[in-house]
Amino acid sequence: MKRSLQLLRPVQQFKDRPICGSCRKELRRAASTQAAAIAEDPSQELESNSSFNLPPPSEQDATRFDPLKSTRYREKKKQALPSSRYQYRSPRFDRGPLAPHRPPPLTDPASRQFVPGPFSQSRLESTYHSTIAADYMAMTYQHRPPGFKPPEKGPRLRAWEGDNPYFANRKLRGPRGGDVLRLLRKPITFRNIPMIERLTVHTYCRDVIRSGSAVLHVAGMVLQEITGQRVITHKSKHPEQGFGLQKGIPIAATVDLKGEAMYHFMDKLVNVVMPRIKDWRGVRATTGDNSGNLTFGFEPDVTGTFPEVENNYDAYPPKMIPGLHITIHTTARADKDARLLLEAFGIPFYGKVVD
Amino acid sequence: MSHALRPVLRSSTLPSLPSSQSSTTYLCQTCRHARLLKRPKRPYTFTQLVALSDGSAFTMRTTSPRPVYRSSRDTRNAPLWNPSSKELLNVEEDEAGRLAGFRARFGRSFDAGRDTGAGEDTTVHTTHEPDNPASEKKAITKKSKEPTDEDLDAMFAEEDDAQMLEMISNFGKPDKGSSAQLARKKI
């Protein structure tokens, strides 16, 4: 094997270069003899020909070559090439789908709104794909003997029944006992294993009403420090007489985390921040919005134990460090499934479980 | 198994992937003015090595410029995450049995029944260092020294003696409380 490779190498070497056919034949013949010589002295493998040995261009060619002149000629003809320093700039404004100069898609690095990344693979995400997903499917497996048919459920929306002639073709009625249509929980297969979709960190600064916006500024700084993302502020939607809150005052800040940033935040939260909370039993198991999104909150002193805040704790006025509400949006259809997923990620739950 | 799962999980609609497109390819049908395309602002992030208390480490993107973060308290040594670990249990070290003695004497409702628990504690302690036979022996002897009823009686007797002596020495001296009582009686 090794021997044949040795023979092949010189042939391939010459194949790449344009050589006349007869020469190639000759070389091929010579290759076998060369191989032995190369094995003895590897320096023979180097090419003997060099461009230095070639004759210089003729006098005529040298005088005829004038790049400056040809450029001027092209400019005169209005066929000038873009300069070497030309760079595409995507338009500053989106002027609608019919405008001639449309901005490039967001995935294009030339786009103004392009966000590079991800720059790292989070350990939590790889754990999810390698371990948690398969474990989750095994844990939620429910055996169905062959031939088993689950009992048919009634329709989620009821038809209008009665003698009223207006009931014909009327829009279907909502479920009994409320208008809310809960999400349908399907059996978990390899296609719909729940995963964390996004994570929202939210803080509501009520002190803004009393002492001005400084609290919100500090809260925004802390959130940005913790999450590594820009903060979005929210204005109050409704006036609240009891609090003295007017409408339209910036009062809350949120960060929406997805992908890489989300997993890094989650990792930090579970492994570093949560274990340091004093006398904490975990997240209350009754949390959730019935559709697989779980929320829990932290006191301001817990926010202070994030490694980034702890690093320069003196940068923030200690009374203005905000508490947090963290909502984890999962693709699970029920809280029970979401809880199981988050337990696999390492978030402890306590208390009575409501399914 | 997991590798078989992977292709499906890694579909184009993976929620873990940033899908900012949906929000920004929003086509404004009603507004006809030119919309400014803002450049997204991104805080600078560093890669930080997080060293957990058991020596394991992982990297993390963070805004903190510190290259290494060493945590003293994390999931590896928190009792909530290690419920079966005996080392992390909050065990009361009561080798001489003094705390148990105190509890036996002054213990109230929730403390009263704990003197059996103290014995358990000491046994836990002995199981901690079985490699050192001397200490084990010591612990056993101390366990035998645990306050029995006779010991407690002796302690009470000592204290009773002390109280008696005090009463005798104070006899005849005008006490503050007694003088006040006398004054009250006179009135």
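Since the structure is predicted, the reported quantities are computational estimates derived from the model, not experimental observations. The chains referred to below are lettered A, B, ... by the order of the sequence lines, with proteins before strands, and numbering in each begins at 1.
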- Could you list the residues that satisfy salt bridge (Lys or Arg N to Asp or Glu O under 4.0 Å) with A:E225, not counting sequence neighbours? none
- Item | Over 12 non-hydrogen atoms of neighbours within 6.0 angstrom of OH in B:Y44 | no
- Item | chain A interface, residue from B:T45, B:T62, B:L52, B:V50 that has the most non-hydrogen pairs under 4.5 Å | B:T62
- One option among B:T75, B:T59, B:N77 has the most heavy-atom pairs under 4.5 Å with chain A, and it is B:T75
Straight-line distance of [X] [atom1] to [Y] [atom2], nearest 0.5 Å:
X: A:S120; Y: B:M60; atom1: OG; atom2: CE; value: 10.5 Å
X: B:K41; Y: A:Q229; atom1: NZ; atom2: CD; value: 14.5 Å
X: A:S90; Y: B:R39; atom1: OG; atom2: CZ; value: 6.0 Å
X: A:F93; Y: B:H33; atom1: CZ; atom2: NE2; value: 10.0 Å

- Closest non-hydrogen atoms of B:S64 and A:E308, given as atom of the first, atom of the second and distance, are CB-CG, 3.8 Å
- Which atom of B:K38 lies closest to which atom of A:Q113, heavy atoms considered: O-CG, 3.4 Å
- Message: I want to check something: taking the side chain as every heavy atom from C-beta on, are B:R42 and A:R230 in contact at a cut-off of under 4.5 Å?
- Response: no
- Between A:E310 and B:Y69, is any pair of side-chain heavy atoms under 4.5 Å apart? yes
- Query: chain B heavy atoms under 4.5 Å from A:F114: which part of the residue, side chain, backbone, both or neither?
  - Reply: backbone
- Task: Could you tell me which residues in residues 280-293 of chain A have at least one non-hydrogen atom under 4.5 Å from a non-hydrogen atom of chain B, sorted by residue number?
- Result: A:W280, A:R281, A:G282
- Query: Which of residues 269-278 of chain A have a heavy atom under 4.5 Å from any heavy atom of chain B?
  - Reply: A:V270, A:N271, A:V272, A:M274, A:P275, A:R276
- Closest-packed option against chain B by number of heavy-atom pairs under 4.5 Å, given A:S122, A:G346, A:P103: A:G346
- Task: Mind jotting down which residue pairs meet the side-chain hydrogen bond (donor to acceptor under 3.5 Å, both in side chains) criterion with at least one end in residues 342-352 of chain A? Sequence neighbours excluded, please.
- Result: none
- Message: Less than 4.5 Å to any heavy atom of chain A: does that hold for the side chain of B:L80, its backbone, both, or neither?
- Response: side chain
- Message: Closer than 3.5 angstrom, by distance alone: can the side chain of A:R112 be matched with the main-chain N or O of B:L37 as a donor-acceptor pair?
- Response: yes
- Message: Quick one, A:Q224 with B:T63, criterion side-chain contact (heavy atoms from CB on, under 4.5 Å). Give me CA distance, side-chain angles, the key distance, then yes/no.
- Response: CA-CA 8 Å; A:Q224 174 173 326; B:T63 52; 5.5 Å; no
